[in-house]
Amino acid sequence: MIISSTFVILGDSRSISTVAGRSPREISSPVHDHEAPYTFKRTLCSLSAITRSNGNISPPGVRTSSFADNGPESESCIVELHPSASRSRCVDTMVAVVSPLPQGVGYAVVLGLGILFAVMMNGITWLQSRYSQYSPNSANEFTAASRSLKTGIVIAGILSSWTWSLTLLQSATQSYNMGISGGYWYAVGGMVQVAIFSVIASKVKMNANRATTFPEVAYIRFGTAGHLAFLWCGFVCNAIVSACILLGGSAVVSALTGMNPYAALFLIPLGVSIYVATGGLRATFISDATHTFFLLGILLCFSFVTYARSSVIGSPAKMWELLTEIAKTTPVEGNYHGSYLTFRSRPGAIFAVQSIITGFGLVNCDQGYWSRAIASNPKTTAKAYFYGGFAWFSIPFACGTALGLGARALSSRPDFPVLTSQDVGAGLAGVATASYLLGTAGSVLMLILVFLSVTSSLSAEMIAVSTLLSYDVYRQYIKPTATSHEIVKVSRYAIFFWAVFSGGLAAIFQAVGIGLGWLFYFLGVATASGVFPIALTFLWKDLSRAGAVAGSLGGMAIALIVWLATAKGLGGEITVDTLSLQWVSFAGNAAAICSGGILSIGLSLWRPANFDWAKTRNMAVVGEETAARLAADDVSVSETNGSGSEGKDGSEVKVDEEKERTMEGDVESAVVNSEGLDYAILNRRHKIYGGSFLILAIIITFVIPVPLGAAPYIFSKHFLTGVVVVMFLWLFFAAFLVVVLPVWESRQALWRIARLAVGRK
Ligand SMILES: NC(N)=O
């Protein structure tokens, strides 16, 4: 039954009423004196599925806020414009949103799940501080999880925090747009840079194990100029990534439920900020592991339905047939024979380079990854990053291969939603597939999937920014004698600040029409200049202050200039659209990474710094430093680091016997002292994972795709079947790494906490 709908027309809210109680056919002519009626193709996700009765698709910009279901059997319904809407404007600019789920579901998920997670995480944090030696009131625990986490949980944290809404949506979009190579290249881009962190992470452990943030190390090496330059890179990266995560989440929530996107942008961070502020970094790891369990389960479900259960696709062979058919009417420009089943793809090749550059920029400038490298046990850091990157690959690869290709294969069906370029840009292709193949269940699962990815990745961003603000702003420039307790307090304020700031920033992007796709292309331009200067800070003793500052900031400026100039040159003008043209963003990305590299390496070769690593190896951590500073003022303060907690007044709180027992034998002790590190072992790990990374990177970046792309080859049915089998195996392996391994590794601690919690020793 048709009830009523509200539409946004050029930013104005206008009401369009349909005729309640009548079937679509009964109202096939306008009731009021209006233009010819619009036909709304029944859609399964948001949007644009407006066609006028003369068959023209409504122009881009269409946006719908809500639309009532008009019955399962009808594909279209006729609506008339409300008398208050101006006839001429409505004709050309009306936008419609048809949501498969009611708005209440959107609010229930965003607020309900958010609060549920907050309560759950608070409970876990309480158990942790009550029955383990780790108290979130210690700065070392809050911001670095006492540097004690084991491999499985770190892998889960890496996989989860690197799985953004962007990952799920944009990988599907790339496969929808450019065929099977799109999702693959998205996955390669992300995996290479996470896995390379396995090489950098061992060096972090060797050269700056006592650091908490990457700008802290820059301060020791390059002074205030280097510190501020790196801090700026970190904030720019975290700001764009946070906005991206929120925009993707809000696009999906509002498309599926009709929830106001601005409300989603501000409400999503709310629940996340509550549990992050309570539990600190360890809480984000625990929530990451929980999220990842559901995330992989839902993704496996979507993949099974697409390739094994659906009556519309249901097998790789059928997918192959549908894609072959659609390539005849909608070929991919730049692909071999326009096929969706080939790696011989010009847009795919350009995207490959962009994706890899963007990924490098992100992972180097995002404090979240440094936090994880620092938080993990020195013995396991490199391994965790290597496997984390490897497991992560399965997620965008599956989204692209199942959901993205699925959307393209289904697009010839008359009842599949018409996706405008804006819908695709907002990442809704994969959403449409899930909703179409699984109906309401698909919409709900997609909503949960995206919500989980948003919360876990946003939680990582929040803790990262709060660490930067508390350590590198508050402690560095406002109160150098800050105690551990004060730092935790400031971190908590910073988390709430970031919840509001990132929501506001995303709202601005939303208001000016900047979507997920655009921001993805911009990310590399804004962050890739930091890749060489930041990585080399931990790897190369000769990196100089001039190289670090000029590379990071100068490179960013050069990238922006090249990006704008190329948009003007290729597009004729600088607009949101021309700035996201593929060659334009390619130029900006390439300029960023090249200028950052050339400036930092060139200037350092000219005047090498010859830095003595002993300075960063012996840097003080909060507690030691504060005590030293206060001791100088004859103030008595005692804090424990890594294995103790601190009272509100900064005085030491004794770890009680019960907690001591809990830690015995099942929690590896934090290794904060540089003397405690075995450099020979770390060096060997660095070489092992450096070599492993190199082999992996060469295989996935060259050995597999290059021959496939060089040959004039379109996948056969059998070949596609093989790819789908690999996709499933990869997903199962990822599930083992991030679900089974963390539980197995912590089995003794979990068992002991459970016994203590029920009153047994
Ligand atoms: N995390 C990414 N690159 O999706």
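Atoms within each ligand, like the ligands themselves, are counted from 1 in listed order.
For the side chain to side chain contact (heavy atoms under 4.5 Å, CB included) test, residues two or more places apart in sequence or in another chain that qualify with Leu523 are Trp164, Leu166, Ile240, Val241, Cys244, Thr358, Leu362, Phe520.
Aromatic ring centres of Trp232 and Phe235 lie farther apart than the 6.0 Å criterion allows.
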When you check ligand 1 against the protein, what N or O pairs turn up below 3.5 Å? List the atom names and distances, or just say none.
unit_1: ligand 1; atom_1: 1 (N); unit_2: Trp162; atom_2: O; d: 2.7
unit_1: ligand 1; atom_1: 4 (O); unit_2: Thr167; atom_2: OG1; d: 2.5
unit_1: ligand 1; atom_1: 4 (O); unit_2: Tyr186; atom_2: OH; d: 2.6

If you look only at distance, which donor and acceptor atoms sit under 3.5 Å apart when one is on a side chain in residues 725-737 and the other is two or more places apart or in another chain?
unit_1: Trp730; atom_1: NE1; unit_2: Phe390; atom_2: O; d: 2.8

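Under the 30°/60° scheme for interplanar angles, the aromatic rings of Phe351 and Tyr186 are found to lie parallel.
Judged as a side-chain hydrogen bond (donor to acceptor under 3.5 Å, both in side chains), the pairs with a partner in residues 347-356 (not counting sequence neighbours) are, in order, Gln354-Ser585.
No cation-pi contact links Arg408 to Tyr340, judged by a cut-off of 6.0 Å to the six-membered ring centre and 45° from its axis.
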